[in-house]
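Only one structure is covered here, and it is reproduced in the block below.
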Amino acid sequence: MSPQIILVVGASRGIGRELVKQLSVHPNKHIIASVRQPAMQPVDSPASNVSSIILDQANPESVIAAASQIPELDTLVINGAFAERDQLLTCPSEKFDTYLDVNVKGPLQVVRAFLPALLARQTRQIVLTSSSCGSMQEQSEYDHGSLGPYSVAKAAGNMMMIQLHHELRDQSFTCAAFHPGWVATDMGGPGGMPVEESVAGYVKALEGLRPDDSPKFVAWNGSTVPW
Ligand SMILES: NC(=O)c1ccc[n+]([C@@H]2O[C@H](COP(=O)([O-])OP(=O)(O)OC[C@H]3O[C@@H](n4cnc5c(N)ncnc54)[C@H](OP(=O)(O)O)[C@@H]3O)[C@@H](O)[C@H]2O)c1
């Protein structure tokens with residue numbers, strides 16, 4: 001049986017890097033880890049079932065160049081994101097563009113570019129690393145503070161996954177969003193859970209992903225997050 005080919009976009013650090021590490025334990029999977037800088041290799045001693053490509057999800061040319069190197073893909077995980085502490089009323093317009101370019105337009109560009117590779121296989125899974133910050137219901141009940149632009153972008157990413165589900169349903173795609181919880185990465189900062197714990201839940205969710213799960217927003221602990 002040919003190995004399941006999984007592309008993790010944004011794998012240089014944090015959750016993406018750990019995802020590559022934990023997924024590559026399975027010899028029947030081939031993991032392609034995308035990084036923006038060649039020096040940022042995803043694993044210290046690359047396993048034989050890990051390869052890497054250069055991809056900046058905010059740069060359409062970079063995305064197209066990366067996609068041209070991958071003819072077949074089972075599972076596309078879009079994990080890279082831009083997040084800082086900002087408020088909607090004071091975030092400079094150009095910086096707000098960056099939130100949308102990296103977190104919304106970039107992931108859509110990635111999906112479009114890798115669609116032929118996904119269509120070349122039957123698995124056809126698209127997963128976005130999202131956040132409960134993008135949940136309309138959770139945000140209306142809880143204020144994370146100074147994450148307005150990021151939350152808007154993550155909510156747009158969630159809606160993108162729902163709409164992609166509708167647009168790709170006839171071609172048997174599974175589209176899902178994943179909330180990793182609060183994780184002690186560069187983005188999450190100190191106080192969050194260890195990245196190994198969050199990613200163990202992510203790997204379990206990926207392995208359990210079924211067509212009926214489309215469109216679903218699932219968390220690291222297996223719970224369903226309200227859109
Ligand atoms: N940490 C948390 O508590 C938390 C909570 C909820 C959701 N999340 C989500 O989890 C995902 C991973 O976050 P993290 O905590 O692992 O953050 P992180 O440690 O700061 O890592 C961010 C990753 O995104 C990549 N990236 C940034 N801009 C990119 C671009 N234009 N193209 C491709 N890759 C890009 C970075 O690559 P470079 O090294 O090249 O910058 C890096 O690999 C994000 O989608 C984030 O929104 C995190």
Side-chain angles (χ1 to χ4, degrees), residues 6 8-10 14-16 19 57 75-88 91 96 98-112 114-115 118 123-183 185 187-188 192-193 197-227:
I6 304 173
V8 180
V9 175
I15 291 166
L19 203 47
Q57 69 193 48
T75 303
L76 171 63
V77 179
I78 308 172
N79 174 74
F82 173 73
E84 289 184 0
R85 292 217 159 260
D86 279 305
Q87 297 208 309
L88 283 172
C91 180
F96 191 70
T98 301
Y99 280 101
L100 299 180
D101 287 344
V102 179
N103 301 340
V104 187
K105 289 169 67 180
L108 179 57
Q109 173 68 21
V110 170
V111 171
R112 288 178 174 176
F114 284 93
L115 210 52
L118 288 160
T123 320
R124 301 181 181 178
Q125 295 175 334
I126 303 173
V127 180
L128 178 73
T129 311
S130 182
S131 168
S132 61
C133 288
S135 162
M136 298 280 183
Q137 186 173 318
E138 291 215 358
Q139 288 299 297
S140 63
E141 294 165 358
Y142 181 78
D143 176 15
H144 286 86
S146 299
L147 288 173
Y150 173 72
S151 299
V152 168
K154 284 298 187 185
N158 285 349
M159 182 58 82
M160 183 178 79
M161 296 312 293
I162 292 172
Q163 297 304 330
L164 285 172
H165 160 78
H166 293 313
E167 293 186 19
L168 293 169
R169 183 171 34 193
D170 291 347
Q171 293 166 88
S172 303
F173 273 77
T174 304
C175 300
F178 180 81
H179 169 51
W182 178 26
V183 191
T185 59
M187 187 184 292
M193 80 178 97
E197 182 182 347
S198 168
V199 170
Y202 205 156
V203 170
K204 200 171 171 186
L206 285 173
E207 289 178 344
L209 201 59
R210 300 285 174 266
D212 284 353
D213 293 328
S214 191
K216 191 174 180 184
F217 190 8
V218 64
W220 88 101
N221 58 5
S223 64
T224 299
V225 186
W227 291 108

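- At least one donor-acceptor pair under 3.5 Å links the side chain of Ser140 to the backbone N or O of Gln137.
- Between His179 and Trp220, the ring planes lie perpendicular to each other; the angle is over 60°, past the 30° to 60° tilted range.
- At least one donor-acceptor pair under 3.5 Å links the side chain of Thr185 to the backbone N or O of Met187.
- Expressed to the nearest 0.5 Å, how far CG of Leu108 lies from CZ of Arg112 amounts to 4.5 Å.
- With hydrogens and angles disregarded, no donor-acceptor distance shorter than 3.5 Å links the side chain of Arg124 to the backbone of Thr174.
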Yes or no on side-chain contact (heavy atoms from CB on, under 4.5 Å) for Val110 and Val9, after CA distance, side-chain angles and deciding distance?
CA-CA 9 Å; Val110 170; Val9 175; 4.2 Å; yes
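- At least one donor-acceptor pair closer than 3.5 Å links the side chain of Ser198 to the backbone N or O of Pro180.
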After noting the C-alpha distance and the side-chain angles of Val77 and Tyr202, does the key distance pass the side-chain contact (heavy atoms from CB on, under 4.5 Å) rule?
CA-CA 11 Å; Val77 179; Tyr202 205 156; 3.3 Å; yes
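- Using a 4.5 Å cut-off on side-chain heavy atoms (C-beta onward), Leu115 and Leu168 make contact.
- With values rounded to the nearest 0.5 angstrom, Trp182 atom CH2 is found 12.0 Å from Cys133 atom SG.
- Taking 4.5 Å as the limit, every side-chain heavy atom of Ser223 sits out of range of all side-chain heavy atoms of Val218.
- Listed for the Trp227 side chain is no donor-acceptor partner under 3.5 Å among the backbone atoms of Asn158.
- With a 4.5 Å cut-off on side-chain heavy atoms, Leu164 and Met161 count as touching.
- Within the 3.5 Å criterion, the main-chain N or O of Thr129 finds a donor-acceptor partner in the side chain of Lys154.
- Shown here is Arg169, whose CZ atom has more than 12 heavy atoms of other residues, nucleotides or ligands within 6.0 Å.
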Test side-chain contact (heavy atoms from CB on, under 4.5 Å) on Asp86 and Tyr99 and set out the steps.
CA-CA 10 Å; Asp86 279 305; Tyr99 280 101; 2.5 Å; yes
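- Listed for the Ser132 side chain is no donor-acceptor partner under 3.5 Å among the backbone atoms of Ser135.
- Residue Ile126 holds its CD1 atom at 8.5 Å from OG of Ser214, rounded to the nearest 0.5 Å.
- Between the side chain of Asn103 and the backbone N or O of Tyr150, no donor-acceptor pair lies under 3.5 Å.
- The heavy-atom pair separating Leu209 from Gln125 by the smallest distance is O-NE2, 3.5 Å.
- The minimum heavy-atom distance between Phe217 and Ser131, with the atom names listed, is CZ-O, 3.3 Å.
- When all heavy atoms of Met193 and Gly181 are compared, the closest pair comes out as CE-CA, 3.8 Å.
- At least one donor-acceptor pair under 3.5 Å links the side chain of Gln57 to the backbone N or O of Gly80.
- Taking CD1 of Ile6 as the reference point, atom CG of Leu76 lies at 11.0 Å (rounded to 0.5 Å).
- Distance check: Lys105 NZ to Thr98 OG1 gives 10.5 Å after rounding to the nearest 0.5 Å.
- The environment of CE in Met159 is sparse: at most 12 heavy-atom neighbours from other residues, nucleotides or ligands sit within 6.0 Å.
- The main-chain N or O of Gly10 is found under 3.5 Å from a side-chain atom of Asn79 such that the two form a donor-acceptor pair.
- Sorted by first and then second residue, the salt bridge (Lys or Arg N to Asp or Glu O under 4.0 Å) pairs involving residues 208-220 (not counting sequence neighbours) are Asp213-Lys216.
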Just do the side-chain contact (heavy atoms from CB on, under 4.5 Å) check on Leu206 and Val127 with the steps written out, would you?
CA-CA 8 Å; Leu206 285 173; Val127 180; 3.7 Å; yes
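- Here the CE-CD distance, from Met136 to Glu138, works out to 13.0 Å after rounding to the nearest 0.5 Å.
- Partners of Glu84 by salt bridge (charged side-chain N to carboxylate O under 4.0 Å, His left out), not counting sequence neighbours, listed by chain and number: Lys95.
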